[in-house]
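This report refers to the structure that appears directly beneath it.
In each ligand, atom 1 is the first atom listed, and ligand 1 is the first ligand listed. Just so it is clear, the model here is predicted, and its values are computed rather than measured.
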Amino acid sequence: MPRPLVADDPLIAEARIAATRAYVPYSKFRVGAALSGPFGVIRGCNVENASYGVGICAERTAIVSAVAAGHRTFDRIAIALPDSPPGSPPTAFMPCGACRQFLAEFVGADFPVLIDGVGEFRFEEIFPYPFVLPDARAN
Ligand code: THU
């Protein structure tokens, strides 16, 4: 079960700002993500494309931006889905499975995932069995 969010958590505010940059001409569904770490905060938004399937989610945009900037150690992530109507079930606010697998590459079981309007989860609660390549050689 998620823990209640601190309403004014600054990382949630960052995720809401990130959502304002979403490029969503097709779905009109904005998503924002904010990753914090020793580097500060890196934001991501969803970026869609006329070739629908090649669009990218906000969470992966944030992770890719951080890794490209040289950062692989993260403290927390916050996610905001402002176009899910208030009162929607929690499923309307959760990160997709692809983004959970993508996060699993860089975070551990206790990593805090803050979902705007839902609460705070430990990563393991929302993705208990990630795929891990048996002979992975990280570099
Ligand atoms: N989307 C995200 O950015 N993150 C998620 O976790 C779920 C879905 C985006 C993808 C697409 O641009 C829009 O939301 C509608 O699916």
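Inside a 4.0 Å radius of atom 16 (O) of ligand 1 there is not any protein heavy atom.
Atom 8 (C) of ligand 1 has as its closest protein heavy atom C57 SG, 4.0 Å. Closest to atom 4 (N) of ligand 1, if we only count protein heavy atoms, is E59 OE1, 2.8 Å. The protein non-hydrogen atom at the shortest distance from atom 3 (O) of ligand 1 is A58 N, 2.9 Å.
For R100, the salt bridge (charged side-chain N to carboxylate O under 4.0 Å, His left out) criterion is met by no residue, not counting sequence neighbours.
Near V31, the atoms of ligand 1 lying under 4.0 angstrom from a non-hydrogen atom of the residue are 1 (N), 2 (C), 3 (O), 4 (N), 9 (C), 14 (O). Ligand 1 places these atoms under 4.0 Å from at least one heavy atom of E48: 11 (C), 12 (O), 13 (C). Residue-ligand proximity, P95 to ligand 1, at heavy-atom distances under 4.0 Å covers atoms 6 (O).
Interatomic distance, I42 CD1 to I77 CD1, rounded to the nearest 0.5 Å: 11.0 Å.
A salt bridge does not link D83 to K28: none of the charged side-chain nitrogens sits closer than 4.0 Å to a carboxylate oxygen.
Taking the six-membered ring for Trp and the full ring otherwise, F74 and F111 have centroids separated by 6.0 Å or more.
At a 3.5 angstrom cut-off on N or O pairs, C96 counts as close to ligand 1.
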